[in-house]
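The structure presented is a predicted model; accordingly, all values stated were derived computationally and were not measured. Throughout, protein chains are lettered first and strands after them, A, B, ... in sequence-line order, and every chain is numbered starting at 1.
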Amino acid sequence: MPPSAPSGMSYDPADIEARWRERWRQEGYYEADPDEEGDATFITVPYPYPSGGMHVGHARTYTVPDVYARYRRLQGDNVLFPIAWHVTGTPIIGAVERLKKGEEEQLSVLRDTYDVPEETLQDLETPMGFARYFIEEHYKKGLRQLGLSVDWRREFTTNDERYSKFITWQYETLRDRGLLEKGLHPVKYCTNENNPVTTHDLLEGEEAEFQEYTLVRFRDGEGTVLPMATLRPETVRGVTNAFVDPDGEYVRAEVDGEEWVVSREATEKLRLQDHDVESIEELAGADLVGEHVSNPITEDEVLILPASFVDTDNATGVVMSVPAHSPDDYVALREARERADEITQYGIDPDEVRAIEPVPILTIEGYGEIPARDAVEEYDVESQEDPALEEATQELYNREFHQGELLNAYGEYAGETVEDVRERFRDDYRERGAFDSMQEFTGEVVCRCGGDVEVAKQETWFLRYNDEDWMAKTKRAIEGLDAIPDNTREQYTHTVDWLNEWPCIRNYGLGTRLPWDEDFVIEPLSDSTVYMAYYTVAHRIRDIPPEDLTVDFFDTLFYGPDAAANPDERALELREEWDHWYPVDYRVSANDLISNHLTFYLYHHAELFDEANWPRGITIMGMGLLEGRKMSSSKGHVVLPGEAIDEYGADTVRFFLLNSAEPWQDYDWRDEAVSSAHTQLRRFYNRATEVIEGSRGDPDGRAAESSETAEPSRDDGNRETISEPPRDEQDAPDDQPDLRPIDEWLLSRLQGVVRESTEALEGFETRTASQAAFYAMEEHLRWYRRRADLDRPGARWTLRHVLARRLRLLAPFTPFLANELHEALTGESAEDAGWPEVDEAREDPTVEVRESLVESLTDDINDIVNVTGTDPDVVQVYTAADWKRSVFEQVVEQASPRDADRSNGDSRETTGPDVGAVMSEIMSDPDLRERGNEVSDLVQELVEFVREQEDDRLAILEAVDEADVYADAAGFYEREFDADVRVLGETDAEDAARADGAVPFRPAVHIE
RNA sequence: GCGGGGGUGGCCGAGUCCGGACAAAGGCGGCGGACUUAAGAUCCGCUCCAGUAGUGGUUCGAGGGUUCGAAUCCCUUCCCCCGCACCA
């Protein structure tokens, strides 16, 4: 026994865990190399982004793959589980900036949430200093504390010189293959700082999205363009007039060599959006009112009217009015007509205003010719200020979009729904020069500096994720993927269909410079797509000078000796590592990354590597809550792994995180629940310690387990019967004492648990697996302890045998505890002992069925005791008479057609035994017929019973001698109820009335 | 809108794919008991309603349907959550 063996001390996780951590570190236990035995298994998780500390949410992210890695190691695989650090982009820089400015919120997060010591704060004032601190003090420490089985030799950061060489290779290669493209793209741009900004830089409007307006090029008499901004370009044929803000400021300007009139604000926006804008003269909105402009599509002349709702700071400040389909426009027009006489000040003929009639452009079921009128009437909208207007608009827009069918005037688009043709229609007229476009945000956006943020168009590089060949390859990769859970597969496919070009560079940030334009940095989601390949060589590539890491070098490494003119020997050596570990067996990642990172991961692998090296599987993880609420480091609403581990121990933290929900489900860290998990583990530890100590000084217990390192069932092919206690090599007859049926029952249950745990872990179902190994097994043991005489050598042997298997099943989840106890029990750690296999010879359905009868009789007696409120001195159990038994058999026989139906597979109408048929069959027996109603009641009852039973269980029941089962358990019943227990046949009863209720497997019970 | 996931007993949460031992695992909370000087820990039992005999009744968002039988299958309907691009 190691000196660390538990010796009656209570559970002290800190002590146990510190010892194993040190041992793993010293032995380099989880360092993986190609020359080791076992199938290569490669598991990765997105590298942490150390822009702050780690909380328990992160802890789960890394523990899920760890559990799987540990499981595969127990199964004998050679497992690589590496980790590195992602520092690319601006979040770390932003965090440093905020620290340097002395921002209160940032200081509070660092000081209070993440406990950064005051004197250390200045080390955090450089980006890599900041990153380094959180890497070392939080992530690395935390991951080690949690006991992650990581090969630490391979860590790196994405700002490392050699890593950049690798990314350079990747992007050079993609450019050569034509998958990168240069173009204009909308970005958020601070008009105060004159710089693009990211979401993190925003004070307001983080939710705002880009929105593309179509500009319909109406012209006035002189040919000046008045670009009407609209989100519904297809309504252009319904325009009856235009609106401007009479009090707004407008500008006549030369835009790309053409004369336009737009709001003053719009000129600035157009400039940012790559237009050449030259102001000519300022105008008041009122100057425009009363003018006529012509519709570029219908060539109709329409009047410009004043409207206070027009916002000059939204798009062009010039709006077209479609009163037939826009409740807003309808109401505005209605009011304009009512007050036509008042607007003569603009030089407008009131009759002309009154003559304006809505022009419908589509039909929609449930509405009349002018849907906007119906909507306004339905919602009883009074005025432009009426809140009901918004609702009416929302509903009508929605319906028109999905159901509205365009009228004949639309030619090729006629009869189609808006939804189906809007984009085509817009693009069509844009090409013909009738439309332009401009971008706006859906809401106001303000920079942290206080400056107004607008949409700007910038020259940038894109990854062409909408390239058809690339999409096709990626879809093939998705088809071959083990997507866990399976319903995520569709989400990947959907993402591929929906992704457009992806701008892959930024103006600033940490990371790799774009090789051919050093002004730009490759952004974080684009430099993290194939880095798993880098892990395979990360620990050895350090020996190679960065300048040697050319494109040719990596070509040789990944594509072999023929890929470069003069293959580098060193690259070929590293290639062996890569060959050994690739592909990635499982990547474990969060569900919100499906729509970007994980799909990119598939894209880049599909392009850069052969099919054999494409990702094998991806497991998705759910979100974490803390006490039912979202975790948030800025609000201090987080639990740090260190704190939780200090309080409960790493095993408890792991066990809770893995057991409270399946990986892909959301989970909730509730202190009460964690604490309860801890209690369970302590209880388990104490019980296990008792079992282990009980075996010391116990002649039967000594080495019963220490010699069983061989897998139990590898050699069990020649075992003869299953009703006898199995006697294989490691349970040699002299080591295994005589077992009672209850021992066999527990051993049989154990096999079910092993099977369930194994199957569950194969599919990453950590909850199911740990639930089975821990809680389900605990249930069985609870019954066993109640039911069995534990002082027997057989019971002690059984408990040890079960404990050893259970510890190995728990080893992936609670590695410290499981290894510690297993070593104390057998002299060998659980992880060295390996994963237990199902020992089929110990599976005994008959024993389980018999035991279930004992249990249900216990329940029955208990029920009677409870309902009657008596404390019985005598319990009489009467088993059913023989004739009832034979009725049962006949009923079962009638049920057998069920099998025939099932094997046909065509009939789910398996009704079980036919009551009528059974009855006539049974009534043909004169002895039975004599019993009349008694028989027919019995048949009725048995038919129902049989219908509800599994076939195999029925077969076993037919062979069971009930009286024997209960008699065997009589001692147990006597203890349980503290009463004399007599098991008799129905016909032996002194008082027939009390016994004749007996039914097969449902003995009559009488207590007194 | 698009895509995904849900609605189960006081609460959390299994079960739903492949209908039947389901009044529905397990946990928490609550009640009772054992142990203890006591508290804690631990162990046992109860915890939808009715009931002095193992029973009966009503439940799994709502409403229909299929079936001998539905939390599970089908249809309709209501409600909730998550992600959606330059943020990692």
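Nearest nucleotide to the side chain of A:R786, out of B:rC43, B:rG45, B:rC28: B:rG45. Taking only side-chain atoms of A:P524, from C-beta outward, the nucleotide of B:rG26, B:rA21, B:rA88 with the closest atom is B:rA88. Checking B:rA88, B:rC28, B:rA14 against the side-chain heavy atoms of A:P91 singles out B:rA88 as nearest. For A:T679, counting side-chain heavy atoms from C-beta on, the closest listed nucleotide (B:rA25, B:rU42, B:rA21) is B:rU42. Closest approach to the A:E948 side chain among B:rA85, B:rC12, B:rG20 is made by B:rG20 (side chain taken as heavy atoms from C-beta onward). Here the side chain of A:R670 is nearest to one of B:rC12, B:rA25, B:rU42, namely B:rC12. If you check B:rA88, B:rG20, B:rA14 against the side chain of A:R767, the one that comes closest is B:rA14. Each of B:rC43, B:rG20, B:rC2 was ranked by its minimum atom distance to the side chain of A:R683; first place goes to B:rC43.
A:T768 and A:E662 share a side-chain donor-acceptor pair at under 3.5 Å. Of the N and O atoms on the side chains of A:D527 and A:T88, at least one donor lies less than 3.5 Å from an acceptor on the other residue.
Rounding to whole angstrom units, CG of residue A:L625 and P of B:rC82 are separated by 10 Å. The distance from atom CZ of A:F600 to atom C1' of B:rA85 is 7 Å, rounded to the nearest whole Å. The distance from atom NE2 of A:H597 to atom P of B:rC84 is 16 Å, rounded to the nearest whole Å. Regarding A:D592, its CG atom lies at a distance of 13 Å from the P atom of B:rA88, rounded to whole Å. The distance from atom CG of A:N596 to atom P of B:rA88 is 10 Å, rounded to the nearest whole Å. Atom CG in A:D952 sits roughly 13 Å away from atom C1' in B:rA21 (whole-Å rounding). A:E765 has its CD atom 13 Å from the C1' atom of B:rA14, to the nearest Å. Residue A:I594 contributes atom CD1, which lies 11 Å from atom P of B:rG4 at whole-angstrom precision.
The partner of B:rA23 cannot be assigned: no Watson-Crick or G-U wobble pair with both contacts below 3.5 Å exists in any strand. Applying the Watson-Crick and G-U wobble criteria (two distances, each under 3.5 Å), B:rU42 pairs with B:rA34. The pairing partner recorded for B:rA85 is none, the criterion being a Watson-Crick or G-U wobble arrangement whose two distances lie under 3.5 angstrom.
OP1 or OP2 of B:rA14 has at least one side-chain nitrogen or oxygen of A:Q665 nearer than 4.0 Å.
Not counting sequence neighbours, the partners of A:E440 by the side-chain hydrogen bond (donor to acceptor under 3.5 Å, both in side chains) test are A:K269. A:T529 meets the side chain to side chain contact (heavy atoms under 4.5 Å, CB included) test with A:Q170, A:F600, A:H604; sequence neighbours excluded. With sequence neighbours excluded, the residues that form a side chain to side chain contact (heavy atoms under 4.5 Å, CB included) with A:I93 are A:E97, A:P127, A:L510.
Nucleic acid contact for A:R489: none, since no nucleic acid atom lies under 4.0 Å from a heavy atom of the residue. Across all strands shown, A:E944 has no heavy atoms under 4.0 Å from either base or sugar-phosphate atoms. Residue A:N500 is classed as a base contact, given a heavy-atom separation below 4.0 Å to a base.
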Quick test: give all pairs of protein nitrogen or oxygen and nucleotides 53-55 of chain B nitrogen or oxygen below 3.5 Å, distance rounded to 0.1 Å.
from, atom 1, to, atom 2, distance (Å)
B:rA53, N6, A:I1007, O, 2.9
B:rA53, N1, A:I1007, N, 3.2
B:rG54, O2', A:D860, OD1, 3.0
B:rG54, O2', A:R1002, NH2, 3.4
B:rG54, O6, A:V1005, N, 3.4
B:rG54, N1, A:P1003, O, 2.9
B:rG54, N2, A:D860, OD2, 2.7
B:rG54, N2, A:P1003, O, 2.8
B:rG54, N3, A:D860, OD2, 3.4
B:rU55, OP1, A:R1002, NH1, 3.2
B:rU55, OP1, A:R1002, NH2, 2.7

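Spacing between B:rG15 and B:rG83 at atom P, rounded to whole Å, works out to 24 Å. Taking atom C1' on both nucleotides, B:rC81 is separated from B:rG27 by 24 Å, rounded to a whole Å. The same atom, C1', is picked in B:rG9 and in B:rC48; the two are 7 Å apart, to the nearest Å. For the C1' atoms, the distance from B:rA14 to B:rU72 is 13 Å, rounded to whole Å. Taking the P atom of each, B:rG40 and B:rC28 are spaced 16 Å apart, rounded to whole Å. The gap from the C1' atom of B:rG65 to that of B:rG10 amounts to 33 Å, rounded to the nearest Å. Between B:rU55 and B:rC60, the two C1' atoms lie 23 Å apart (nearest whole Å). Comparing B:rG61 with B:rC12, their P atoms sit 14 Å apart, to the nearest whole Å.
Separation of the A:F972 and A:W783 ring centroids falls under the 6.0 Å cut-off. Note: A:F655 and A:F774 meet the aromatic proximity criterion, with ring centroids under 6.0 Å apart.
If you find the closest nucleotide of RNA chain B to A:E523 and to A:E501, the one lying nearer the 5' end belongs to A:E501. Residue A:Q491 is the one, among A:R782 and A:Q491, whose nearest nucleotide of RNA chain B lies closer to the 5' end (criterion: closest heavy atom).
The backbone N or O of A:Y685 sits less than 3.5 Å from a side-chain atom of A:T689, completing a donor-acceptor pair. Proximity of a side-chain donor or acceptor of A:T766 to a complementary backbone N or O of A:L658 within less than 3.5 Å is detected.
Using cut-offs of 30° and 60° for the angle between ring planes, the A:H494 and A:W498 rings count as parallel.
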Inset, instruction - Assign a letter to each nucleotide of nucleotides 29-34 of chain B from its 5' end: B, base within under 4.0 Å of a protein heavy atom; S, sugar-phosphate only; -, no contact. - result: ------
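Looking at heavy atoms from C-beta onward, A:T488 lies in side-chain contact with A:I594 at the 4.5 angstrom threshold.
Pairs engaging residues 770-785 of chain A under the salt bridge (Lys or Arg N to Asp or Glu O under 4.0 Å) rule: A:R687-A:E778, A:E778-A:R785, A:E778-A:R806, A:E779-A:R782 [sequence neighbours left out].
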